[in-house]
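These notes are about the structure you will find just below.
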Amino acid sequence: MPDKLSRAFYARPALLVAPELLGKVLVLDEGGTRRAGRIVEVEAYVGEHDLACHASKGRTPRTDVLFGPPARAYVFLVYGMHHCFNVVTDEEGVASACLVRGLEPIEGIPPHARTDGPGKLCRAMGITLAHNRLELTGDTVFLEDAPPLTRRRIARGPRIGVDYAGRWARKPYRFWERGSRFVSKV
DNA sequence: TTATCGATGGTA
DNA sequence: ACCATCGATAAA
């Protein structure tokens with residue numbers, strides 16, 4: 001049984017955590033059901049000054065969890081129907097997170113469910129607002145350790161869907177496993 | 001109390 | 001290219 005990622009793993013800058021998340025295993029364990037997938041695509045949202053980060057709108061009931069301690073889930077709803085799952089990173093007070101955008105199914109995911117996109121993977125895993133703010137050091141939602149990807153297997157580019165964020169939209173804060181078919185289509 | 005707007009995805 | 005659909009947010 002692999003180790004659960006500790007608080008210390010998350011308590012670092014999002015840009016450092018993001019590429020290291022590749023290859024790690026996201027697990028949802030509820031009511032006797034265990035669903036798991038290997039992370040193949042992530043984006044870093046680095047703080048209040050990052051105009052693409054929800055925290056740039058200030059500390060509100062929604063963004064509060066981003067300002068809190070690391071190792072918590074940040075789940076939000078976009079377009080009224082799609083959930084997106086993030087892990088909160090860095091020290092308490094630094095409102096940063098990593099968005100998981102692609103998963104390679106490992107366990108408990110329905111055979112035809114797709115996991116190549118932030119909304120799709122949440123549907124496949126059964127992640128909803130009910131999981132928002134949960135401690136990733138707990139036993140319901142967490143990440144399991146796995147060997148890091150070699151640098152040559154990691155590709156990097158601008159984040160998706162944040163064109164409104166000006167120069168922040170162009171920063172290469174998206175990381176994915178080169179060649180994986182579970183990376184979101186754009 | 002009401003209006004605006006998405007860190008998307010499915011269909012055409 | 002269009003649009004479904006709803007919570008958060010800001011304006012009124």
Side-chain angles (χ1 to χ4, degrees), chain A residues 10 12-22 24 26 28 35 37 39-68 70-90 94-105 109-134 136 141 143 154-177 180-186:
Chain A
Y10 302 96
R12 300 175 295 147
L15 271 176
L16 211 55
V17 175
E20 290 186 30
L21 284 173
L22 298 174
K24 304 290 188 269
L26 172 61
L28 187 73
R35 286 185 276 254
I39 297 174
V40 299
E41 182 186 5
V42 293
E43 284 176 358
Y45 290 84
V46 301
E48 290 173 87
H49 57 292
D50 175 0
L51 267 10
C53 183
H54 288 169
S56 67
K57 304 288 185 185
R59 191 165 187 162
T60 68
R62 183 207 208 188
T63 62
D64 187 62
V65 64
L66 292 170
F67 291 81
R72 293 231 255 252
Y74 169 46
V75 182
F76 65 91
L77 189 60
V78 255
Y79 299 104
M81 61 191 93
H82 304 295
H83 295 276
C84 292
F85 172 81
N86 301 248
V87 302
V88 176
T89 54
D90 217 316
V94 182
S96 69
C98 295
L99 168 70
V100 179
R101 295 188 53 94
L103 273 189
E104 178 180 330
I109 293 177
H112 300 301
R114 318 237 7 212
T115 52
D116 57 336
K120 286 189 264 190
L121 98 233
C122 281
R123 190 153 55 92
M125 289 286 286
I127 294 171
T128 69
L129 288 177
H131 305 284
N132 191 27
R133 297 168 170 269
L134 285 189
L136 302 174
V141 204
L143 267 56
I154 300 178
R156 192 179 173 167
R159 295 172 295 186
I160 305 298
V162 294
D163 293 345
Y164 59 84
R167 74 187 179 89
W168 286 94
R170 279 172 263 124
K171 292 187 178 290
Y173 289 176
R174 170 174 173 247
F175 303 85
W176 66 94
E177 181 180 32
S180 170
R181 74 176 194 277
F182 300 102
V183 168
S184 63
K185 316 295 185 275
V186 208

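Numbered from 1 within each chain, the chains take letters A, B, ... in sequence-line order.
Rounded to an integer number of Å, the gap from CZ of R133(A) to P of dA8(C) is 10 Å. One can place CG of D64(A) at 13 Å from P of dA8(C), the figure rounded to the nearest angstrom. Between Y79(A) atom OH and dG7(C) atom P the separation is 17 Å, expressed in whole Å.
Checking R114(A) against V162(A), the closest nucleotide of DNA chain B that is more toward the 5' end is the one next to V162(A). Where H82(A) and L129(A) each meet DNA chain C at their nearest nucleotide, the meeting point lying more 5' is that of H82(A).
L26(A) pairs in a side chain to side chain contact (heavy atoms under 4.5 Å, CB included) with only one of the listed residues (L103(A), V87(A), L21(A)), which is L103(A).
Using a 4.5 Å heavy-atom threshold, the side chains of D50(A) and R159(A) count as touching. Contact annotation: the side chain of F182(A) never approaches that of E177(A) to less than 4.5 Å [non-hydrogen atoms, C-beta and beyond]. Side-chain contact between L77(A) and H83(A) is present, with heavy atoms from C-beta onward closer than 4.5 Å.
If you check every strand for non-hydrogen atoms under 4.0 Å, L77(A) touches sugar and phosphate atoms only. If you check every strand for non-hydrogen atoms under 4.0 Å, R174(A) touches nothing. Among the heavy atoms of the strands, none lies under 4.0 Å from R159(A). Within the 4.0 angstrom heavy-atom criterion, only backbone atoms of the sugar-phosphate kind lie near K120(A); the bases stay farther away.
A donor-acceptor pair is defined here as one N or O able to donate and one able to accept, closer than 3.5 Å; such a pair exists between the side chain of R35(A) and the backbone of M125(A).
A donor-acceptor pair shorter than 3.5 Å can be found between the side chains of E41(A) and S184(A).
With a cutoff of under 4.0 Å to any heavy atom of chain A, the contacted region of DNA chain B is bounded 5' to 3' by dG6(B) to dG10(B).
Pairing for dT5(C) is absent, judged as Watson-Crick or G-U wobble with the two contacts each under 3.5 Å.
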